[in-house]
Amino acid sequence: MVDFQRMQKKWQDAWQKAKLFEANRSDCEKFFITIPYPYISGSLHIGHARVVTEADVYARFQRMLGKNVLFPLAFHISGTPVLGISLAIKNKDKEKIELYKGYVRNYITEEIEVERIVASFEEPQKIVDFFVPKMKEEFSTLGLSVDWRRSFTSGDIEHQKLVEWQFKKYKKKGYLIQGKYPVLYSVALGNAVGEDDIIDGDVDPVEKQEFVLVKFRLNDSFLVAATLRPETLFGQTNVWVNPDCDYIIAKVGGEKWIASEECFEKLKLQDWIITEISKVKGKSLLGKKCLAPFLEKNILILPSSHCDTDRGTGIVTSVPSDAPFDWISLKMLQDSPDLCKKYGLTHNEIKKINPIAIIDSKGYGELPAVELCEQRKIFSLEQQKELTEATQEIYKAGFHTGIMKENCSRFAGMNTAHAREEMKQELLHNNTGAIMFEPSRPAKARDGSKIFVAILDNQWFLDFNAPGWKEQAHNVLKHIELVPEKYRKQFEDIFLWLDKRPCARRRGLGTKLPFDQQWVIESLSDSTVYMALYPLCHMLREHKPLLSDPFFDYVLTGEGNVTDVAKQCNVPKKIVEDIRNEFNYWYPFDQRHTFTAHLSNHLSFMLFAHAALFARNKWPKKITFHGMVISEGTKMSKSKGNVVTLLELNNDYGADVFRAFMCYSTSVESTFNWETKEMEKMKTHLSSLYRLLEEITVHRSKGKLPTALVSKVERLTEKATDYFKAMKLREYTTITLFELVNVHKKASKRLSREELAFFNNYLIDRWLLLLAPLVPHMAEELWRMAGHKSFISTEKWPITDKEKIDAMAEYKDEFVEAIAEDITTVCKLAKVEHPKEITLFVADHWKGDFVALLKELMMESYDQKTIFTSVMKTELQKKGEEITKLIPAYIKDPARIPPIIMGHDTELKLLQDERYNIEKTFGCPVRIQSAEKTTEQKARVALPGKPAILVK
RNA sequence: GCGGACGUGCCGGAGUGGCCAAACGGGACAGGCUUAGGACCUGUUAGCUUAGUGCUUACGCAGGUUCGAUCCCUGCCGUCCGCACCA
């Protein structure tokens, strides 16, 4: 096996020493490619590797096309994850500490040192400081042509200043606004919580659910129930309270509300002002009547244990037609006079309560809840699980297929989704309802504290609907190139749907909002224009200008006056101009290669940001999309043990093998499936390819070239180039890794040793150049072997010599091959194992003329009659009888018409020339005859491109 | 539910109106090389059939448009992805 790792190290060092990929401003056309900057994490895996590798292969190609290529890479540290690691380590979270020790051990051998480093992670910055260099190293093992001088992290001061500038601009334009917003919240922590702060938040995500509060007038107060389905209110028959619980009467606004204590606690977090007045026992409410909204009549208050004071308001409005819990509660009461008596209720009155059918749902009768409970044999509230399932099923059916019945006043005939919204609005409008939020399931934060939904005031939003912004964003979109183009529609849809987006949080790493320091700009919002920093960052570090707004105004948009700006930011004017020129040269980026999943957030925000901040000549040029990454057929996850890290990759295979495998195994936009077995195959293939190329570099000399083979190589070069330009890496890879091998195989079979050396001499440089972007280390090694002194990485891409593309020569080649195949078939059919003699009859002159004419006619029409008439107008009418038979056959299967019609004489001559080769193949004499000069019956079936074959 | 994508051989996957039994690769089978294994080379890998280089069927299912459809249209079935405050 070839030692790819050794080769890789050698060339990576050489590149670095030569500063080969440090991109500097020049007179050359530039090409600036970016990818999403990776988030800091313990280990890089093949998921990270995909996007950088694809971008690198393309960057290398562009470089070889003669462009001045900039491929930079920065790192993202904003948001909660890094902070979360720090906190976990500070809290002595054993699991996390072990995990990170494991990561650190990848680089550090001494255990004491490992301990010390992990302990230092209590400080988030230390995590960044430790991992960023390691990540750069690991990425570099892939053979990336990245200019690392321009690297930074989103926590760096340069980046923060840029983001501040951006947000001040937003504010000035009115794109940044403040308002109320519900968030998941822990009272104990005094903070909003995200998925990773919640126990099992990743496996069982918690959402914010919107309940509608429904107010039932009871004397001078309101009994408040909560529902997720306000559209069912026409089916109310009664109200449920828990007889064993206490409720609170509280002053809310000018009203008195009755609900559970927990409920008022929740409401207090949601911007309500509440003063508790007194307690009331659930039991004491039973048997009373309250006024139900929409029904506009009084209904009974009844007991049910399914009222949970912790859920909603602790009071439930009863819709037995559509809610299994309600139906079973009601039924239990109706079936038990004793129970009624216990609560002092009149059994007869309760027996009179009937469910009211209100919604037509597909697949259900009048009363879905009743129906389903019978079907599933649900009799008791004890059957929690079954009841919940039944509820969900009805909910789903009702929501998606339900139509409101006649008895639903002005909402009759509406679909339920529409009715829900309308009825909610009416409740709010009449002040018989309100909105309350709840977590979708009971949830706890990692410290054990309960999670609520709180409404934050003064939340900062980006308002994508601010006047003018969206229009401009559409403009940016209109001018950008997308590969594949099909994603444009998706962008358009997302643009329409984008509204207000919270863009700052109370915690996490990142940039503080410049005008409100208690807020940190959220991590997706702080990474929409960071690409603009790539051209400048190393210069900012070198010259240290004061990073004021006028500075960025001038450098990024050209606003302002250099002299003033230079004075203001305390560097010489020349430097400011230099920085401005650098930006102007590189920006905008020419391509962003990224994951489709970013479409609805990062990419959209990025386009909006550019629309807001830059003039048209700085708008992004192109986005290319790649698919997702899986391993051994499934999603990568630690528990499945199928995560393949870059460290492993490098140890077991090396960069070239991975690059080749990655690009070959899937098209850019499809899912990349890592399969160890396949990877092994690629390793052996690449090894033998290396050996073959090695052999070619040795066995070569100058001389006459085989036309057909050279033509094939030229054609493949052209195809590879076209595919490459269109980002079709898989197709390009197929050609360089396999199809050229096949051509060479053919050559070594067909040519003499001497002729092969001539061909090799022509092929070797060409082939290596084609391989260089894909497997750069191997290409460098062989390039030197082939006698060159330069780096192949910065050589020029081969240009197709169109003169050398000779369709006729290639066709002749194929023609002879096809004949050999046909002879084999005929021998088999004739059951002649070892032919004694083979005769080939070349089709008559007129047949060639006829097929040529036919081909022309068929470009116009496939209509038999038309073609026949046209043919009969020519000389060929003499052969009318045969032609009558031939036309339908050719029309039925136009593939029979040879792509090139050589004609009788050429075909005859070609076969005569090849006679010796055919004889050699079949080991018997071969005769070539014109069908015109024989009486042999077989000769008549000869067609152009298909000589008749006679074997004896 | 809404929005999007997809469904081709044993498998991964090309093709996107006639040049397709289907590129390229993998697997399987047979043969060669080899002490053996690996690597490598040759052939076969839908069915049928034949003195003639062919025929028939196939690209989720059912229809339609067309001289002609894997490719266009309609419906159905199935799979996957996104639906926001999360990087």
Side-chain angles (χ1 to χ4, degrees), chain A residues 1 36 38-41 76-82 181-184 192 194-196 201-202 205 208 396 399-401 415-417 459 461-462 486-487 489-490 493-494 497-505 508 522-525 527 596-602 604-605 627-628 633 664-667 669-671 673 675 677-678 681-682 684-685 687-688 691 728 730-731 733-735 737-739 741-742 745 749 818-819 821-832 858 861-866 891-899 937-938 941-943 946-951:
Chain A
M1 211 53 89
Y39 195 85
I40 294 285
S41 72
H76 198 201
I77 67 160
S78 313
T80 47
V82 166
Y181 192 72
V183 291
L184 293 173
E195 189 180 283
D196 28 275
D202 46 342
K208 287 166 292 184
K396 222 172 162 182
F399 185 63
H400 298 313
T401 66
N415 66 46
T416 40
Q459 169 71 50
F461 295 89
L462 287 178
K486 67 180 178 189
Y487 289 114
K489 169 97 174 60
Q490 219 155 315
D493 292 347
I494 288 160
W497 152 92
L498 279 173
D499 188 16
K500 292 175 183 53
R501 182 194 159 86
C503 63
R505 311 177 70 187
E522 176 269 333
S523 53
L524 276 173
S525 306
S527 50
T596 47
H598 295 142
L599 222 134
S600 67
N601 44 50
H602 167 74
S604 292
F605 304 158
M628 58 179 202
Y664 175 69
S665 79
T666 186
S667 57
E669 53 173 310
S670 313
T671 301
N673 183 14
E675 281 180 295
K677 237 175 81 192
E678 300 290 315
K681 300 271 174 210
M682 180 53 88
T684 54
H685 178 76
S687 281
S688 42
R691 296 255 160 70
K728 297 195 169 190
R730 185 182 206 260
E731 287 77 357
T733 306
T734 306
I735 290 172
L737 242 34
F738 296 100
E739 296 199 26
V741 175
N742 290 341
K745 246 183 225 171
K749 228 188 284 177
I819 296 224
E821 253 174 63
D822 288 347
I823 294 174
T824 313
T825 317
V826 170
C827 285
K828 225 192 270 170
L829 288 169
K831 301 200 172 60
V832 177
M858 280 171 73
S861 147
Y862 274 71
D863 183 59
Q864 278 193 36
K865 245 189 226 159
T866 320
I891 286 181
K892 193 183 165 209
D893 187 5
R896 289 157 172 248
I897 302 177
Q937 282 297 306
K938 303 290 174 226
V941 299
L943 289 172
K946 279 278 180 200
I949 299 164
L950 178 69
V951 296

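Residue numbering restarts at 1 for every chain, and letters A, B, ... go by the order of the sequence lines.
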Exercise for review: Taking the side chain as every heavy atom from C-beta outward, state whether A/Tyr181 and A/Lys500 have any pair of such atoms under 4.5 Å apart.
Suggested key: no
Practice item. Measure the distance from CE on A/Met628 to C1' on B/rG82 and round it to the nearest whole Å. Key: 12 Å
Review point. CD1 of A/Ile40 versus C1' of B/rA87: gap in Å, rounded?
Key: 13 Å
Review point. Taking the same atom, C1', in B/rU49 and in B/rG64, what whole-Å distance lies between them?
Key: 34 Å
Check your understanding: When all nucleic acid strands are considered with a 4.0 Å heavy-atom cut-off, which category describes A/Ile819: base, sugar-phosphate, or nothing?
Key -> nothing
Check your understanding: When you check the phosphate oxygens OP1 and OP2 of B/rA87, does a side-chain N or O of A/Arg505 lie under 4.0 Å from one of them?
Key -> yes
Practice item. For B/rG26 versus B/rG78, give the span between their P atoms, rounded off to a whole number of Å. Key: 36 Å
Point to revise | Whether A/Phe738 and A/Tyr664 hold their rings parallel, tilted or perpendicular, with breakpoints at 30° and 60° | key: tilted
Review point. Taking side chain as C-beta onward, heavy atoms only, is A/Glu669 less than 4.5 Å from A/Thr596?
Key: no
Review point. Expressed as a whole number of Å, how far does the C1' atom of B/rU70 sit from that of B/rC61?
Key: 14 Å
Revision key, fill the gap. Result for 5'-nearest mapping on RNA chain B, choosing between A/Tyr487 and A/Lys681, is A/Tyr487
Exercise for review: Check every strand shown and say whether A/Ala818 touches a base, only sugar-phosphate, or nothing at a heavy-atom separation below 4.0 Å.
Suggested key: nothing
Review point. Applying a 3.5 Å limit to both distances, which nucleotide forms a Watson-Crick or G-U wobble pair with B/rG63?
Key: B/rC73
**Study point:** Opposite nucleotide pairing with B/rU50, Watson-Crick or G-U, both atom distances under 3.5 Å
**Key:** none
Review point. Distance between the C1' atoms of B/rU8 and B/rA21, in whole angstroms?
Key: 11 Å
Review point. Does any nucleotide pair with B/rU34 by Watson-Crick or G-U wobble geometry, both distances under 3.5 Å, and what is it?
Key: none
Practice item. Looking only at side-chain atoms of A/Ser600, point me to the closest of B/rG82, B/rA51, B/rG12. Key: B/rG82
Practice item. Could you check which nucleotide pairs with B/rU45 in any of the strands shown, counting Watson-Crick or G-U wobble with both distances under 3.5 Å? Key: B/rG27
Revision key, fill the gap. So CD1 of A/Ile823 and CG of A/Leu950: to nearest 0.5 Å the spacing works out to 11.0 Å
**Study point:** Separation between the P atoms of B/rG7 and B/rU16, rounded to whole Å
**Key:** 13 Å
Exercise for review: With P as the reference atom in both, quote the distance from B/rA28 to B/rA14 in angstrom, rounded to an integer.
Suggested key: 23 Å
Check your understanding: Nearest-Å distance, NZ (A/Lys946) to P (B/rC19)?
Key -> 15 Å
Practice item. Looking at every strand, decide which applies to A/His685 at a 4.0 Å heavy-atom threshold: base, sugar-phosphate, or nothing. Key: nothing
Exercise for review: Indicate, with a heavy-atom threshold strictly under 4.0 Å, whether A/Ser78 touches base, sugar-phosphate, or nothing.
Suggested key: sugar-phosphate
Review point. How close or far is atom C1' of B/rC83 from atom NZ of A/Lys208, stated in whole angstroms?
Key: 14 Å
Study note, to complete from the structure: Taking a pair to mean Watson-Crick or G-U wobble geometry with both distances below 3.5 Å, B/rC6 pairs with B/rG78
Practice item. Tell me what A/Pro898 touches on the nucleic acid: a base, only sugar-phosphate, or nothing, going by heavy atoms under 4.0 Å. Key: nothing
Study note, to complete from the structure: Taking a pair to mean Watson-Crick or G-U wobble geometry with both distances below 3.5 Å, B/rU57 pairs with none
Review point. Side chains of A/Val82 and A/Tyr39: closer than 4.5 Å at any heavy-atom pair?
Key: yes
Review point. Nearest-Å distance, NE2 (A/His598) to P (B/rC81)?
Key: 16 Å
Revision key, fill the gap. Heavy-atom closest pair (A/Ser604 atom, A/Leu599 atom, distance to 0.1 Å) is OG-O, 2.7 Å
Review point. Within a strict 4.5 Å, meaning less than it, do heavy atoms of the A/Ser670 and A/Arg730 side chains meet?
Key: no
Check your understanding: Hey, is the side chain of A/Lys749 poking within less than 4.0 Å of OP1 or OP2 on B/rU42, counting only N and O atoms?
Key -> yes
Review point. Contact class for A/Asn742 vs. all strands (heavy atom < 4.0 Å): base, sugar-phosphate, or nothing?
Key: sugar-phosphate
Point to revise | Under-4.0 Å side-chain N/O to phosphate OP1/OP2 contact, A/Thr80 with B/rA87 | key: yes
Revision key, fill the gap. As its Watson-Crick or G-U partner within any shown strand, both distances under 3.5 Å, B/rC83 has B/rG1
Practice item. Please state how far atom NZ in A/Lys728 lies from atom C1' in B/rA14, giving the value in whole angstrom units. Key: 10 Å
Point to revise | Any A/Arg691 side-chain N or O less than 4.0 Å from OP1/OP2 of B/rC40 | key: no
**Study point:** Between B/rU57 and B/rC48 - C1' atom distance, rounded Å
**Key:** 10 Å
Check your understanding: For A/Ser667 and B/rA14, is the shortest distance between a side-chain N/O and OP1 or OP2 below 4.0 Å?
Key -> yes
Check your understanding: So, is A/Ser523 near the phosphate of B/rA87, with a side-chain N or O under 4.0 Å from OP1 or OP2?
Key -> yes
Check your understanding: In whole angstrom, what separates A/Tyr664's OH from B/rG25's P?
Key -> 6 Å
Point to revise | Contact check, side chains of A/Glu678 and A/Asn673, non-hydrogen atoms, under 4.5 Å | key: no
Exercise for review: Could you give the distance separating B/rG9 and B/rG82 at their P atoms, to the nearest angstrom?
Suggested key: 27 Å
Exercise for review: Please tell me if the side chains of A/His76 and A/Ser523 come closer than 4.5 Å, counting only heavy atoms from C-beta onward.
Suggested key: yes
Exercise for review: Classify the nucleic acid contact of A/Lys745 as base, sugar-phosphate or nothing, counting any heavy atom under 4.0 Å across all strands shown.
Suggested key: sugar-phosphate
Exercise for review: Find which nucleotide of RNA chain B each of A/Leu524 and A/Ser670 is nearest to by heavy atoms, and output the residue with the more 5' nucleotide.
Suggested key: A/Ser670
Review point. If we call it a pair only when both distances are under 3.5 Å in a Watson-Crick or G-U wobble match, what pairs with B/rG68?
Key: none
Point to revise | Residue A/Pro81, side-chain heavy atoms: nucleotide from B/rC24, B/rA87, B/rU53 that is nearest | key: B/rA87
Review point. What integer distance in Å separates A/Glu739:CD from B/rG13:C1'?
Key: 14 Å
Exercise for review: Pick base, sugar-phosphate or nothing for A/Glu675, based on heavy-atom distances below 4.0 Å to the nucleic acid.
Suggested key: nothing
